[in-house]
Structures are given as structure tokens and as C-alpha cells.
Amino acid sequence: MKYFHDKIEKKWQKFWADNQTFKASNNSDKPKYYVLDMFPYPSGAGLHVGHPLGYIASDIYARYKRHKGFNVLHPQGYDSFGLPAEQYAIQTGQHPAKTTEVNIATYRKQLDRIGFSFDWSREVRTSNPDFYKYTQWIFTLLFDSYYCKDANQARPISEIIPLFETEGNLPLNAVCDEDTPQITAEEWNNFSETEKQEFLLKYRLTFLSETTVNWCAELGTVLANDEIVNGVSERGGHPVVQKKMKQWSMRITAYAQRLLDDLQGLDWPQPIKDIQTNWIGRSEGAHLEFKIQNSTHKVGVFTTRPDTIFGVSFMTLAPEHELVAEITTAAQKEEVEAYIKATAKRSERDRMSDVKTISGCFTGAHAEHPFTKEAIPIYIGDYVLAGYGTGAVMAVPCGDQRDYDFAKHFNIPILNIFKDVDISEKAHEDKGNTIIVNSDFLTDLPYKKAFKTVIYEMEKQGFGYKKINYRLRDAVFSRQRYWGEPFPVYYKDGMPQMIAKEHLPIRLPEVENYLPTSDGKPPLGNANTWAWNVEKAEVVSNDLIDNKTIFPLELNTMPGWAGSSWYFNRYMDAHNTEDFAAAEALNYWQDVDLYIGGSEHATGHLLYSRFWQKFLYDLQYVPKKEYAKKLINQGMILGESAFVYRLVYTNQFISKNIFKKLLSNKDLSSKEEKLISNNWNNDIKGLMYQSIHVDVSIVNTSNELDVEAFKKSRKEYKDVEFILEDGKYIVGREVEKMSKSKYNVVNPDLICEEYGADSLRLFEMFLGPLEQSKPWKTSGISGVYSFLKKLWKLYQIGDNGIAHISEEEPSKESLKTLHKTIKKVDEDIANFSFNTSVSSFMIAVNELTQQKCNHRAILEPLLVLISPYAPHIAEELWEKLGHKGSISTVAYPEFDAKHLVESNKTYPISFNGKMRFTLDLSLDLSKEEIEAAVMADERTQKQLDGRTPKKVIVVPGKIVNIVG
RNA sequence: GCUCAAGUGGCGGAAUUGGUAGACGCGCUGGAUUCAAAAUCCAGUUCUUUCGGGAGUGUGGGUUCGAUUCCCACCUUGAGUACCA
């Protein structure tokens, strides 16, 4: 009986579904193990072969853990809110929920075909109201919390109100807005209700504030920093500008230090940890205040080099700095205003790309040096960013290249405060071995000492203190979009009010138009039924708004990362209607043991989700402060694009090798030359050609183009002429990212159709190390496909469908092959080195075929080893061996070292480290005996050619090396 | 610029604490089988060679009896970040 993947795979996929084979239980005597994939956004394009890579790896691991006796949770779901569905809705008027539904169905079908062992009974969808009910609830929890620096955790905001009432905010050590004023109890008590709420917003972990945001006009929404790549939007590549808007933000900065510290304990890839560390960007320094002469104002600055304070010769403020207007002198007013106007015009992108040009403007004002009391001119300049630190710097031109360049440009004096350092050419930015001079009480101190001393002195005199600054910004949480979670928020007297948990979810309203309203409100502004009736606790028509019991609801929606920031907890108890997950379920599953997904989420999802987990941990809703112990980033599978080469202004397409000859100006055969039109010959060196992507599906594995299919692919190709080689048109190849626009997408469905899911699974693993990116080459799949056929053959299935199997004791060689494989595969899985275990399966099957092994004692355990990788064939053969039911929880075979014990070793005999020949020797021999045996060998004498070796290194069981 | 990762045959890659470089597979070459093809099987396949051998893991040094593996410098590629004070 031959191997037919098609029938087998359908049969077992049905069996698994019918029997709920992979349904996980929330209580079990077995130890738990939670394997999680980053859930997909179901795009309209469906899956290509790159998508399942991580899923296959995690599935192998999950299946392996089941064999090893674990209660495995291996769920899957959909991150189903997002921009593409909405863009599509805008274009076609189709409701995003509808297209999302269709896309999910496609995804599910594609995933099922690959034979994953997901527990689909726990499926989640972020766009499902049963799910986003809890996303909304977590939002209200954040609103009702502040960050207490003393307890170093989030706490209910309600506990600070009594404090304000009795003592004001002075004793409160909490994270809050930079501009939070000090208030007394009296001031608080005299606040109106609205003022009180406004003040509390400065402390809440999610808060409304007027902030400078990244506005993307084409997408009609703001974007978070991680959604911008190279100054343009990640999705669509549209320009992004800075704009002031009232927005919801998440006070993630409160968690900066903990997000940094807890990276230590995570078994995550170092690059991800590095990226997060850089993104958080902790820097230690000092905050100090400079008095402004002839004014009551002070300018605060943050510096990492307070030790260079005596090198300060000017100050620079960001053009947007709020003090600029106040301190600018009448004489400088015109110039300053012109400069501000000019910089405001330049987009963020221009400012970023143009680092070289030095620009700025003197304000006419002077600050007072806190130690020397000398006057320091204050400039504005766009090299100072409003968003970092205080938006102002103390400029030390001798120690900072930017300050140096600025000083040179404006002819500001440069004071040298470094011992024996030449600063005539450039600033001296090194701090390691530098001694500070010309600096009053800091003179002759090295950097570290000076740093401590000056901070001590500043704190004593009261104009500065030690400060840790983070690059991490609070995360903007509002999106002016339709297809996202609505906020559980209504507005009373302009102040946001949360809707209680029992009234959630607040469902996304219907709108007839997904675009922003004509007066610039977000799409939810189009909804007619979008007001909150406080008494009835329901969403009602906007017409009823009276601002007494019926109030307008929030028009923004939440960003894409909202649902993904906590979904992993939901899988633990996906159908709970009372809580996001029951405490028992959370306590049972605890956290994710293995998380597999892409590294592109390093500063987005993987940071935000850690933040939410810590917050939920602080409120004691989850048992772990980090939700994923181990993270693996799968690499990208790249596509092999195919190209045809067209001569410009002609209808001719030239086959690759002839084209290459043309490019390198090699002689063409007269026959080839005749074929090519005169246009080209007139200007061979002009490289007048286009390389055009062709769809890889009309190119075979020998790079031969199906010319007829190509002609049919587009109208304009109908009458083209092909210059062939050997009667074929050969395409050029290049490795690129797999994408629709490059026509290099390979659909896993077609692979499953032709070679089967088991082949796809094995091949994706066999391509190379999981974490590396590597090109996809469909031609290579024949290797794993013939492996499966050989495996099948080994079980000698007769036409009656029964394996011809021996119950006798297998040979020593077969036992050795088996146990060698057990050991190797065990180690490989521990190292996530799935590519090498596929090759050891191949070796095992080749060896067992050679040995003509058909013994149950070998072939049964072998199936268990292979089952995580190629589960369908494993199930089928398991059945053919006479078993009922699934192989998926059969115990993993035990490795027994006794089968690998050897009596002989083939020693490599090397001379000066180069292996020259091998020698079979007993492992019982002593060092001396080995040396004697080697020296006695005639090949040794030949190598030595009469010389006497200086030294002979013998490592028993390993190697012999002769020096001399 | 800064931070990180990686450079091994025609290709994907292997070599777990330094110990036989190129496992396994693709591709290619030759052969068997076949009317033929597909499929299958067998042999070969780093380069070079005067067929004894010699060289070889991005480049140049170093440590070592021995280096793809450890150290230093450089080159190349990829990723992240970018006026962060």
C-alpha cells in the first residue's frame, strides 16, 4: 500500500476535531504547560507559507509536551480589530465585522489544513464583545488607579482623595504629569467637582491630556511611536506630523524602571531585551533650575553631565518651549517669532533627516549660572526636542558636539573644563578618563567624583537634584477610527466618567459611514445612538442628550494593541462571563511557558502587554508580574521572486542567461544576436531594460516560465515576443520579503494539496534554524516528501492495510539507531533546533531501511518521536500497527544509554592539528597503549618522514594529535 | 553615528563543554530500471593537484598540541534606534 497524504490527513484532522483530542482541562494531575502563539490579524490575503512557521514550531513543542506527560494549553485566536478591515470598509461600504468574519473563516480553514493541535474551544477574538468587555474593564481599572512610588505599585485612586482633603498633594509620592502644581488641602477643598476631576487626571494611569501627537492625515488618526517607521506610518507609509490634540494616554512611564528591571529574569532573546532596554532609554543625571535674570521665571533642565556645569556658556530651549514667549526681549521678538514659525513649518521628518544644518535664535534673555552667578545667554534651537526631558538644555560646548557646533555657529565662547584636552576641533564627549578643571570646587576631580559632588552641592543649595530620565513616553491610547474597542466612557461637564463593569460591554455602534465626520470628529461621531443614559445604564439616541442623566459617549476607539495586551490571560478561561478569567484558572495556568512570535513587536505589543500584566499584578488580578517566561522569535521566510527582462521600447522579453550576457557585454552567438531587436543593439551599454516581477506560480522549479500563462496574465503581454534559450524562457531569481506586490507569495494550501501538511511541517522546520530568516524554495520539499514515503515503506503496509511487523527482539544496530535518535531529538527540542531533528529522522529511517528493520520494538517508539513533527502519518501508522485512538498522548520513549555503548573508536589521527587518517582502536586502551598503537602504524611513520615527534597528545575516546 | 546579530560548497544549512569541517536535504553528474517519462534505486559531488598530496569556515593578527568555536582589529550584510542633552 502506498502513501497517500490526502486521505490520511483529512481523516485525522476530522478525528481530532470530533474527539476534541487537544482540548485542555483546567484541572489535571499532570503538570501544566502553556504554549502560546502570537495570534494573527486575519487579513484578506490569507496565509502564505511564512505565517505558519512559528505555529508549526509551537505545535511541535506542544505535542512533544503532551507525549512527555504535561497538561498542555495550546490555544489560538484572532487579533481581529485593525486598520485594513476599516480601510476596506471605507472603500466598499462593507461592515468591517463582516469582512473580518470572512477572513477568519479563510484563516481557520488554512490553519486546520496544517494539522495544528490547537484547543479551538478557547478561541478568542479581540473584536468580539464578550472579549472587549474586559478590555474596556481593564481600561476603567487603569483610570481608577494611580502609581504610588512608595509602594512602587499601582493603587486605587480613591485612596488619595482623603489625603488631598487633609494634607494636599505635598506628602503624596506618586507618578503624575510633569506640570502638576503643589496644592494645599484648602485649595483642594475649594476646587469645584470638575476641578477636582481635572486634577485627579494628572495622577490616573490612563488619562486625558492635551498632548503633542503623531497625526497621520491619510489614515485620519494619531499613531503611537512604535507605529511609525522612518517617519512614516507603519501601515501604508503615509506622512506623519506633530499635532496638539486631547487624547487618552497610558502612563506606561510609571512602570519604566520595573519594565527594565524585570527583563533580567526573562528567558527572552537578547535582541528583544536590548531593543526594549534602548526604547525605555534610562539615563541618570540631574535636574537643575536656572534663574532667569530680570524675571521671576526659572528654566529647568535635565543633564547627564552635571559635572560639566562650569562649562556652561549658554542655554538652548526648544522652539516650542512654553517660556520662550515670556522671556524673549522686545528687540528679539520679531526674529524669534520668525524662527518659531519656520521650524513649525518643517515636518518632524525634515527635522530628523536634516541633522547637519544648525539653526537657532537668540532670545535676548539671560539666565544666571547657579554657581558663578554669571549671565548665560538663552537661545532657542530646533536641535532641542520639546518632548524629551524638560525641552531645555544647559549647553556645554566643550563636552557635547551639538552644543559645540551651535556655539561655533553663533560665536558663543567655549570654555574648556577638561584637563589636557584639546577642544579646538571638536567637543570632548568621553567621560571615562577625564579630569575636570577650571571648575571651582570640582577642579581636579574625575568624572564620577565630580558627578556626585556637584549633585550633593546642588541639593544642598536647593536648585537641583539627582534625576533618572527615561526616553520612554506615555503611550497615546486614542485612535480616531471606527474598527476598534469603544471606550467605556461618557462625558459629564467635559470630564470623563467610567461606565461600571456590570454595564459592559459598550458595543460598537452602527454607522453608515466609516470616515471622520464633516466637522472633523472621529467616525463614531456618525453614530446616532451613541449617548449614555446613566439611570437606565444603556446606550441611547444622541437626541436625548440633556447632560443631566444622558451624556455623550467617547468618540475615539482604542488602538490595535489594547486587546493583545491581555489576551493570553483570557485563554485560561475563555468563556467566563463574570470575570476576564476565574481566579482558579489563573492560578492553575499562571503564565505562558513558551511564547512564539515575531520580533517586530518588540517595542509594541511585547512592551505594552508586560505593562498591563504588571498593572493587573499590582491589583492582584493575575498571579505573575511577567506573563511569558520564555519567548522565541521565529525568523521570516523570504520569497524567491521571479523576474523577466524586457527591453525598453520593445515587446521583447529576454531569457535570463542571454540577458546576463548582454549586461556583461559578452559576445552573443550570431543566432541570439539576430533575434534581438535593433533598439537594443544600438545601445547595449545603456542598460535599457526593465526587470519585471512575474508570479512565481507560473514558473516551475527549474526556473522555466510558462510563457502561455504569462501572455494571458495581462492584456499588454498578449503579443510579446520571447527570446528563448534552449527553447525555454528562464527567469531571474532574487530573494525578497514575501509579499503580494512582489508576486512571490507561496500559498500553503497548494503545498498541502500536492505534498501534504506533514511535508509542509517538516519542510518549514527543515529550512534552517527557527529564529533565522531564510528563503523558501518549493523545489526543496521533495526531500522531506520522499522521507515520508520511505518512512511509510518501512512499516510494510500490505494491501489489506495491515503492517507487516516483527514482534521479535530487534538487532543491536536497530536499537542503537533508535536510541541515538531519541537522544538527539530530545536535545534538539530542548534547544528549539527543529531543523536538525528532521535530519536525524532522515538518518534514522535511512539506517533502519538499510537494516531491514521491521520490529515493533523499534518502529513504535520511532512513531512517537516523529508524531509532533508529522502527526498525520504518525497517527495513521500507529493505527496500522493495531492501536485504537490517537498517538498524541502516548508516552515518549525513554532513552537508554546502554544501547550506545561502544567498544571501539575510530580515532582521527592528526598531525599538527590536521587530520590525516583514522585508526580503529579499542576504547579500553590506556593513553600509552593508544600512543604505541598510533606510532606503530606505518602511515604515522610516513607522515613523520623520519622526524621524531616533539609531543603526542592523546585524548582517549576523542583524538590523537602528533606535534612535530 | 550608536546598539545588537550574522558571515561555512552551486543553494538551505550541520558540527551542544575548543577535538575527523561540510551531517541532512536541494541541485548537479553518471549509472540501473523503463518503449519513454514520472517515480524508485545505486555511485559521485568544497577547491586544487604532477593523484603523493596541498589548501580551506568574511579579512588580518593572537591564545592553544589543536580554533568554524575563545580573544583583538578590520571588512561586509541584516536588524533596531537616531539631534534623548
Side-chain angles (χ1 to χ4, degrees), chain A residues 2 229-231 269-279 281-283 285 301-305 308 316 351-356 358 381-385 387-396 399-403 405-406 469-473 599-600 602-603 636 640 701-702 733 735 762-763 766-769 771-784 786-787 789-790 793 824 827-828 830-831 833 835-843 846 906-918 942 949-955 957-964:
Chain A
K2 265 184 145 180
V229 176
N230 295 328
Q270 198 54 43
I272 293 282
K273 291 192 187 183
D274 291 343
I275 290 169
Q276 292 205 348
T277 304
N278 291 337
W279 189 261
R282 181 187 200 271
S283 52
V301 300
F302 172 75
T303 177
T304 53
R305 296 295 304 274
T308 62
T316 314
R351 264 171 86 167
M352 269 190 349
S353 57
D354 177 25
V355 182
K356 297 272 162 344
I358 297 156
D382 68 358
Y383 79 97
V384 177
L385 303 178
Y388 183 77
T390 62
V393 300
M394 59 173 229
V396 184
D400 183 289
Q401 194 57 44
R402 293 156 303 171
D403 296 345
D405 295 340
F406 197 87
N469 215 24
Y470 299 93
R471 205 196 70 124
L472 183 71
R473 308 283 79 203
S599 58
E600 66 272 21
T603 55
M636 208 190 312
E640 242 210 333
T701 52
S702 315
R733 291 282 198 174
V735 172
L762 285 170
F763 186 53
F766 191 58
L767 280 176
E771 307 195 38
Q772 209 169 287
S773 37
K774 54 240 157 186
W776 174 273
K777 257 191 183 175
T778 302
S779 59
I781 204 167
S782 62
V784 294
S786 58
F787 158 74
K789 286 189 278 195
K790 280 186 217 165
K793 244 187 188 164
K824 177 80 175 116
E827 286 166 357
D828 285 345
N831 296 324
S833 175
N835 54 327
T836 48
S837 35
V838 176
S839 85
S840 43
F841 291 143
M842 291 173 170
I843 294 167
N846 287 345
T906 307
Y907 278 94
I909 311 302
S910 42
F911 293 78
N912 297 318
K914 293 252 174 240
M915 201 281 286
R916 293 308 176 206
F917 61 89
T918 58
K942 199 173 168 194
K950 284 189 196 134
K951 211 174 184 184
V952 179
I953 311 280
V954 178
V955 185
K958 285 233 159 128
I959 198 168
V960 177
N961 189 21
I962 297 163
V963 189

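Small disclaimer: the values here were computed from a predicted structure and weren't measured. All chains are named by letter (A, B, ...) in the order of the sequence lines, taking the proteins before the strands, and each is independently numbered beginning at 1.
A donor-acceptor contact under 3.5 angstrom links the side chains of A/Gln270 and A/Asp274, judged on distance only.
Proximity note for A/Ile953 (side chain, C-beta onward) versus B/C41, B/U20, B/C65: the nearest is B/C65. For A/Asp274, counting side-chain heavy atoms from C-beta on, the closest listed nucleotide (B/G19, B/G27, B/C4) is B/C4. Candidate nucleotides B/C24, B/C11, B/G12 were compared by shortest atom distance to the side chain of A/Lys774, and B/G12 ranks first. The side chain of A/Ser779 sits closest to B/C26 out of B/A14, B/U20, B/C26. Proximity note for A/Val963 (side chain, C-beta onward) versus B/G13, B/G25, B/C65: the nearest is B/C65. Closest to the A/Thr836 side chain, of the nucleotides B/U40, B/G12, B/A15, is B/A15. With B/U81, B/A85, B/G25 as the choices, the nucleotide that has an atom nearest any side-chain atom of A/Tyr388 turns out to be B/A85. For A/Arg471, the listed nucleotide lying nearest its side chain is B/A82; candidates were B/G19, B/A82, B/U20. Which of B/A85, B/C26, B/A14 sits closest to the side chain of A/Leu385 comes down to B/A85. With B/G12, B/G66, B/A85 as the candidates, the nucleotide lying closest to the side chain of A/Ser283 is B/A85.
Nucleic acid contact class of A/Ser840 (heavy atoms, under 4.0 Å, all strands): none. Residue contacts for A/Gln772: at a heavy-atom cut-off of 4.0 Å it reaches the sugar-phosphate backbone alone, with no base atom in range.
Taking the P atom of each, B/U63 and B/C24 are spaced 37 Å apart, rounded to whole Å. Taking atom C1' on both nucleotides, B/A82 is separated from B/U3 by 11 Å, rounded to a whole Å. Taking atom P in both B/A15 and B/U20, the straight-line distance is 13 Å, to the nearest Å. Remark: the separation of the P atoms in B/G52 and B/G61 is 33 Å, to the nearest Å. Spacing of P atoms, B/U16 relative to B/U69, comes out at 12 Å, to the nearest Å. Rounded to whole Å, the separation between the P atoms of B/C71 and B/U64 comes to 16 Å.
Computed from coordinates, the A/Lys951 NZ to B/U64 P distance equals 10 Å when rounded to whole Å. Atom OH of A/Tyr383 is separated from atom P of B/G1 by 22 Å (rounded to the nearest Å). With rounding to whole Å, A/Leu767 atom CG is found 7 Å from B/G12 atom C1'. Rounded to an integer number of Å, the gap from CD1 of A/Ile781 to C1' of B/G27 is 16 Å. We find that CG of A/Asn961 is positioned 13 Å from P of B/G19, with the value rounded to whole Å. In this structure, NZ of A/Lys914 is placed 19 Å from P of B/G18, rounded to the nearest angstrom. Rounded to an integer number of Å, the gap from A/Gln270 CD to B/G80 P is 17 Å.
Between the A/Tyr470 side chain and the A/Ser283 main chain, no donor and acceptor come within less than 3.5 Å of each other.
Within the structure, every side-chain polar atom (N or O) of A/Lys789 is placed at least 4.0 Å from both OP1 and OP2 of B/A39. Considering only side-chain N and O atoms, A/Asn835 lies under 4.0 angstrom from the phosphate OP1 or OP2 of B/A14. Dashed line: the shortest gap from a side-chain N or O of A/Arg916 to OP1 or OP2 of B/G53 is not under 4.0 Å. Proximity of A/Arg402 to the phosphate of B/C84: a side-chain N or O atom is located under 4.0 Å from OP1 or OP2.
If you find the closest nucleotide of RNA chain B to A/Ser839 and to A/Ser910, the one lying nearer the 5' end belongs to A/Ser910. Both A/Lys824 and A/Pro271 lie close to RNA chain B; mapped to their nearest nucleotides by heavy-atom distance, the more 5′-ward contact belongs to A/Pro271.
A/Phe766 contributes atom CZ, which lies 10.0 Å from atom OG1 of A/Thr836 (distance to the nearest 0.5 angstrom).
Pairing of B/U57, defined by two Watson-Crick or G-U wobble distances under 3.5 Å, is not identified with any nucleotide.
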